[in-house]
Structure formats: C-alpha cells, structure tokens
Number of protein chains: 2
Amino acid sequence: MASHGARGRSGGRPTLEEVAARAGVGRGTVSRVINGSPRVSDATRAAVEAAVAELGYVPNTAARALAANRTDAIALVVPEPETRFFAEPYFSDMLKGVGAELSETEMQLLLIFAGSDRERRRLAQYLAAHRVDGVLLVSVHADDPLPDLLSQLDIPAVISGPRSAGETLPSVDSDNYGGARQAVEHLLSRGRRRVAHITGRLDVYGAQRRIDGYRDALSDAGHGVDEALIEQGDFSEEGGSRAMAALLERRPDLDAVFAASDVTAAGARQALREAGRRIPDDVALVGYDDSAIARHLDPPLTSVRQPIEEMGRRMIDLLLTEVADRRPLASRGLDRRQVVLATELVPRSSS
Amino acid sequence: MASHGARGRSGGRPTLEEVAARAGVGRGTVSRVINGSPRVSDATRAAVEAAVAELGYVPNTAARALAANRTDAIALVVPEPETRFFAEPYFSDMLKGVGAELSETEMQLLLIFAGSDRERRRLAQYLAAHRVDGVLLVSVHADDPLPDLLSQLDIPAVISGPRSAGETLPSVDSDNYGGARQAVEHLLSRGRRRVAHITGRLDVYGAQRRIDGYRDALSDAGHGVDEALIEQGDFSEEGGSRAMAALLERRPDLDAVFAASDVTAAGARQALREAGRRIPDDVALVGYDDSAIARHLDPPLTSVRQPIEEMGRRMIDLLLTEVADRRPLASRGLDRRQVVLATELVPRSSS
DNA sequence: ATCACTGGTGGGAGCGCTCCCACAGTACCT
DNA sequence: AGGTACTGTGGGAGCGCTCCCACCAGTGAT
C-alpha cells in the first residue's frame with residue numbers, strides 16, 4: 001500500500017493537518033469526517049476518507065483526549081483479589097458480556113483489581129486522574145467507599161447489584177426476590193413442606209431480597225414462615241455447613257433447604273452428609289448462581305441461574321448512556337437506571 | 001483537607017500552571033519536581049510538593065502523553081479466546097507476576113484478548129494508534145503476524161517463549177530443554193528403561209526443546225533413543241490419548257511416559273487406563289506445567305513446574321528496559337534480552 | 001578583575017486534536 | 001430587490017503538559 005511511503009515522507013505518523021492538506025480541505029472538515037458528523041457533503045467525505053486511507057491515518061488518542069476531555073476508556077473494577085476473579089465464573093461471564101457489548105464501540109476496557117489496600121490507593125489515584133470516562137463496579141459491599149469517591153469525582157458509574165432499596169447509582173441486578181421465589185415454589189411443588197433457608201451476608205442487599213422472596217413464597221402458598229427455619233450464612237462454604245448444622249439441630253424434621261449461593265449449598269451438603277441425610281431423598285437442596293460448582297456437585301445441584309453475561313451487557317448500556325449524558329449537547333438518555341433481569345431455575349437431581 | 005476548597009475555586013482540576021503559581025515558581029520547575037528530576041533545590045522541591053498536596057494536583061495523563069509522546073501504559077496481549085485465559089492457570093499466574101512487578105511503577109496494564117479475527121483487527125488498529133508504550137506477547141505461535149506488526153510499528157515487545165532459536169524479539173522462557181531432562185532423568189532414576197515421549201505441537205519452539213532434552217537425557221545416560229517411543233501430540237487431551245494409544249500399539253512394553261503438558265498427560269492416562277495399565281505400577285507418567293490438573297489427577301501427576309509468575313516479572317523488566325531505551329537520553333540497557341529460567345520437577349505419585 | 005563553567009530556574013513553543021465562531025453559498029421567503 | 005435561514009466549510013484558540021533554550025547567580029581558575 002501507499003501508506004508506508006507516505007508515512008515515511010513526513011517522518012512520523014500522519015496528522016489531521018496532513019490528511020486535510022492531502023484531501024484539499026480544512027482541518028475542521030477532516031475532524032468532522034473522522035467523528036462521523038452528518039454536516040459534511042458526500043463528495044468531501046469521500047475525498048477525506050480516501051486521504052485517510054492513503055496516508056494510513058490513525059487519530060492520536062492523546063491529543064483527542066486532551067482537546068475533548070475524554071478518554072474513550074472505561075474500567076471494570078473488581079474489588080477482590082485476582083484469585084477470586086479467576087476462581088469464580090461470575091466474573092468471566094460478566095467480562096464476556098461486557099466485552100461483547102463494548103466491541104460494538106470504540107471504547108477501550110480496562111480491568112482493574114482492587115483487592116488489597118495498596119491496589120485501592122492506586123485505583124483512587126487513577127480515578128482522580130480521570131483516566132477513564134466511566135466505571136463498572138462489580139461485587140460491591142454495602143460499606144465500600146468506592147461509589148462515593150466516584151460521585152465525588154463526578155465519574156459515571158454503574159453498579160452490579162444495588163447496595164440498598166434506595167440505590168442512587170444506576171445498577172443492573174438479577175431478580176433476587178423472584179429467583180428465591182422460584183426456588184421455594186419449586187421445592188413446594190415437589191411436595192416439600194419444611195423448607196429452610198440459609199441466607200447470604202446480610203450486608204448484601206441481594207441476600208436480603210432473597211430472604212424476602214423466600215418468605216413471600218411460603219406465605220403466598222398458604223404456609224407460615226417458621227423463623228427457626230432461617231439461618232444466617234455468609235456465602236461461604238464453611239458458613240453453609242455451620243448454618244446447616246444449626247438448622248438440623250433446631251429442626252431435625254426439615255425436608256428441604258434453599259441456600260443463598262451454590263458455595264453455601266456445597267457446605268450444607270457436607271453437613272447433611274455428615275448427619276446421614278440423603279440428598280434428595282431426605283432433604284432436597286437448591287442453590288443460587290448456577291455456577292460450575294452446581295453442575296459438578298454430587299448429586300448435581302438444582303440452582304437459580306442469573307443471566308450474568310446479559311447483566312454485563314446491560315451494565316455497559318447504562319454506563320455508555322451515563323457517559324453520553326455528560327457530554328455537550330447530548331439528549332438525556334433513558335430514565336430506567338435500575339435494571340432487573342429475570343432468573344431461571346435449573347432443576348437437577350438434588351431436588 | 002484544603003484540597004476540595006482549592007479545587008472548587010478554579011472550577012475544574014488544578015493544572016501545572018496553578019501549582020506553579022501557588023508555589024511561587026515557574027511551570028518548568030513544577031514539571032521537574034513531578035517527574036523527579038534531580039536538578040531542583042531542596043527548598044523549591046518542598047514548596048512545590050506542598051502546593052501539589054494543597055491543591056490535590058494530579059497530572060493530566062492525556063496532556064502528558066501528547067507532549068511527551070508516551071502513554072505510560074503497556075498491554076498484555078493474549079492471542080487466545082477468553083475462555084482459555086480463564087481455564088488455564090498459566091495466564092492467571094503470569095498476570096499475577098506482571099501485576100506485581102508493574103505495581104512498582106506508574107505504568108498501567110491493559111489486558112487485551114485477540115482470539116477472534118475481529119478482535120485481532122481491533123488490536124491492530126489499537127496498536128497502530130500507539131496507545132501503549134509496549135506489548136507483552138504470551139503464547140504466540142510460530143506463524144503469528146503480530147510480532148512483525150509490532151516491529152513494523154516500532155513498538156517494544158517481549159515474547160514469552162521464543163519462536164525459534166534465532167528469535168529477534170526479547171523473550172523470557174523457562175528451560176524447556178532442562179525441564180525435559182529433569183523429567184526423563186527422574187524416570188530413569190526410578191528404574192524405568194523404556195521411556196516414551198508424547199510431544200507438543202511441533203510449531204512451538206518450546207516443544208522442540210523438550211524433545212531435545214528428552215533425547216539428550218537418554219543418550220547421556222547411556223541409553224539409546226528409540227524413535228518408535230516418540231509420538232507427536234498437540235498439547236491437547238485428545239492428542240494425548242491418541243498418541244498414547246499409538247505408542248502402546250507400537251511398544252507395548254514401554255514402562256514410562258513423559259508428556260509435553262499436563263493436559264496431554266491427562267489424555268495419556270485415559271488411554272493407559274483403557275488399555276488396562278496401572279499408573280505408576282505398570283507405566284509411570286510425568287507431565288509438564290504443574291498446573292491444577294496435575295494435582296487433581298488420579299493419581300496425582302508428577303510434573304515439571306515452570307516459574308510462571310517469575311516469568312511474568314522478568315518480562316516486565318525486559319519490556320520496561322526496551323521502552324526506556326527508546327526514550328531520549330537513555331543509557332542503553334542490559335543486553336541479555338533472552339532470559340531462560342530454571343524449571344523444577346514436582347514428584348507426585350504417578351511416577 | 002575577567003572569564004569560563006555549573007546548578008538552578010523561568011517561560012516560549014509546540015504536541016495533535018476538538019470546539020466554535022465566522023463566513024460563503026444556496027434557497028426560499030416577503 | 002432585500003431579508004432570513006439554512007448547509008457546508010475553514011481556521012483560530014486552547015486543552016495541559018514536556019522539552020529546551022535562555023538566563024541568572026555563584027564559584028573557582030586565570
């Protein structure tokens with residue numbers, strides 16, 4: 001191609017100015033073509049595009065960022081150690097959705113881990129420098145200072161899972177309430193009557209909603225809610241087995257358990273085994289997340305699937321809208337800033 | 001702190017100019033302090049640092065990138081689909097080393113997947129825009145056009161694993177030759193005499209080196225090399241079991257197998273089982289990589305560990321040297337541009 | 001005393017864009 | 001004919017830095 005010869009002539013990479021000269025137009029016009037402005041005649045556009053191709057012109061991102069005060073990059077912030085990121089399919093699925101949606105755009109995705117204090121300080125510095133146009137926040141705990149920092153810096157952010165019913169940040173979540181209902185209704189439909197619940201960490205809003213769903217599913221089916229059948233867990237395996245042991249002690253006649261996560265269910269399974277209960281014969285078990293662990297458990301675990309990839313997609317949609325809204329002369333975007341996606345029960349042999 | 005008030009006064013974020021005014025010095029001096037130049041008196045430095053702290057000044061990366069023609073970012077390019085990235089511990093270990101080493105610097109790490117054609121085209125565009133100062137290339141095949149593209153664009157790059165003995169790019173590799181020797185010598189020391197080898201993909205240089213190590217270990221121990229004990233694999237599980245089947249057919253009396261990867265070994269194990277051979281009683285098995293699969297295989301697999309995290313570290317070292325070398329008035333860095341790290345045999349019950 | 005230097009400093013020029021104002025041209029009204 | 005309202009276009013100004021040259025003291029050699 002001509003690109004190399006032409007590029008060589010001027011020394012470095014071709015600039016807007018050079019493209020303009022070659023196309024016989026002004027700098028502003030080239031800029032308009034590059035940025036897809038409609039206010040350019042077809043003939044001019046064609047001439048500019050030809051010049052761009054001939055010179056192998058690629059816009060200088062730094063110059064653009066400086067002049068336009070934007071970076072065309074967004075960050076996916078994972079406030080966890082990398083280990084968890086690689087261990088849990090949640091993150092890779094999310095990343096897949098995010099990447100897919102983002103590849104439609106010119107935006108660049110940055111993956112940032114902020115598990116340690118040190119990494120968090122680095123991140124704060126990074127955000128203060130406004131090196132990204134927006135932030136995707138996954139797996140945020142109720143007391144995390146990150147969201148506040150972001151709004152202080154006026155950086156658009158979208159959160160996966162609201163921190164409370166009054167969440168101010170845009171968020172994308174799955175229907176924790178509905179998912180819990182599905183799980184419990186499923187167990188009831190299989191003839192189970194004493195359905196226990198091992199909760200997640202109570203400072204996670206989604207865990208609260210799952211409890212609500214559990215309660216309402218029982219009430220609406222005409223069963224009372226036995227508080228002694230609810231035991232607190234923390235999403236971990238140990239928490240699950242500890243909670244299960246407590247439940248068995250209190251209500252040895254329980255015949256089903258809805259655990260707030262698959263990992264919790266794995267812990268519960270362990271405790272049930274040790275107590276000599278068979279799954280599902282004596283006790284039916286349902287988890288949440290439909291992660292790899294659900295499929296590989298023995299017996300395979302019935303679980304509530306969240307559409308994580310889709311959640312990633314929607315988060316990007318929301319974030320891009322937020323980002324666009326802060327740009328000059330943007331029309332206000334959609335007002336549905338809290339998205340909730342449906343869950344799906346995946347029945348397996350544990351129930 | 002005073003930072004917010006001060007920042008609010010001028011409207012946006014403070015600039016170099018404002019810091020200079022506040023400290024009662026010139027713009028150049030502030031720049032020197034920010035960039036750690038030694039040619040600043042202690043008193044001035046202190047004054048500037050105070051002003052920076054008071055105003056909460058954070059340099060504008062875009063302006064810096066534009067003026068200095070650098071980005072302070074490097075990319076880790078993974079020419080594989082994301083799925084493999086998450087599935088293989090190789091990548092997460094590498095990422096850990098890279099991240100650790102990079103956190104000592106101001107450099108930003110970008111993770112870029114280039115598994116599909118589409119992603120590759122996007123990457124090419126990205127590199128053409130010189131959006132990174134350097135590139136880390138992992139898992140590159142012999143015929144990959146990426147290295148050439150990079151040298152064409154004059155972007156520093158470091159490769160993990162040379163493509164041939166005459167590799168021109170700086171590279172960091174583990175001692176494939178030595179690792180293979182360790183494996184074979186281990187098997188010989190356990191009294192095995194008919195040691196087979198299932199190779200990796202022959203277009204991967206490291207696989208070639210492992211074959212060399214296998215041959216030399218046998219020769220040096222005074223055993224001949226029986227070509228019929230070498231069978232080509234491709235690093236995959238299917239390849240492993242196919243190769244194993246072929247070997248068993250040809251040399252039913254073999255008593256040990258050195259496989260070019262753990263995954264290959266898993267395939268070989270399957271074929272051995274199906275042929276009714278016990279591991280390690282009838283046939284000893286050694287893999288390569290010491291990945292998670294090695295620990296979880298039944299029986300646990302003896303394997304050759306590569307110091308992957310360390311490799312990540314060293315790749316960053318090399319790359320940063322390369323990057324620094326292209327900057328004005330840099331002293332030429334080290335000339336050891338091909339690093340080879342030692343491997344370690346991890347004995348388990350499969351041998 | 002004059003003449004190099006040398007460590008320390010100020011500030012102009014310029015990096016390559018975007019934004020926006022000015023203006024030419026055409027079209028359609030009064 | 002003059003106004004008004006567009007569409008399309010050129011180019012100045014300016015984004016916030018780095019680079020580098022000019023300059024100013026002090027210091028020691030001549």
Take atom [atom1] of [X] and atom [atom2] of [N], then tell me their distance rounded to the nearest Å.
| X | N | atom1 | atom2 | result |
| --- | --- | --- | --- | --- |
| B/Glu17 | C/dG11 | CD | P | 9 Å |
| A/Arg39 | C/dG25 | CZ | P | 19 Å |
| B/Arg13 | D/dC17 | CZ | C1' | 12 Å |
| B/Glu18 | D/dC15 | CD | P | 11 Å |
| A/Asn60 | C/dT18 | CG | C1' | 13 Å |
| B/His130 | C/dG16 | NE2 | P | 12 Å |
| B/Asp72 | D/dT18 | CG | C1' | 12 Å |
| A/Asn69 | D/dA13 | CG | P | 22 Å |

OP1 or OP2 of [N] under 4.0 Å from side-chain N/O of [X]:
| X | N | result |
| --- | --- | --- |
| A/Ser31 | C/dT18 | yes |
| B/Thr44 | C/dG8 | no |
| A/Asn35 | C/dT18 | yes |
| B/Thr29 | C/dG8 | no |

Taking for each residue the nucleotide of DNA chain C bearing the nearest heavy atom, is the 5' side occupied by B/Leu66 or by B/Arg32?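 Its nucleotide being nearer the 5' end, the pick is B/Arg32.
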Earlier contact from the 5' end, DNA chain D, for A/Val25 and B/Arg70: A/Val25
Please tell me which of A/Ala67 and A/Gly28 maps to the more 5' nucleotide of DNA chain D, matching each residue to the nucleotide holding its nearest heavy atom.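 Its nucleotide being nearer the 5' end, the pick is A/Gly28.
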Kindly give the heavy-atom pair with the smallest separation between A/Pro59 and B/Ala129, and that separation in Å. O-CB, 4.1 Å
For the residue pair A/Ser103 and A/Ala100, what are the closest heavy atoms and their distance?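 It is OG-O, 2.9 Å.
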Do the side chain of A/Asp133 and the main chain of A/Thr71 share a donor and acceptor less than 3.5 angstrom apart? yes
With no hydrogens and no angle check, is any side-chain donor or acceptor of A/Glu101 less than 3.5 Å from a backbone partner on A/Gly97? no
Would you say the base of C/dT18 and the side-chain of A/Arg27 have a donor-acceptor pair closer than 3.5 Å?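 In this structure, the two groups form a donor-acceptor pair.
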Quick check on side chain to side chain donor-acceptor pair (under 3.5 Å): which of A/Arg163, A/Arg314, A/Gln338 does A/Ser171 satisfy it with?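 By the side chain to side chain donor-acceptor pair (under 3.5 Å) criterion, A/Ser171 pairs with just one of A/Arg163, A/Arg314, A/Gln338: A/Gln338.
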Compare the minimum distances between each of C/dT9, C/dA13, C/dT18 and the side chain of A/Ala68, then state the nucleotide with the smallest one. C/dT18
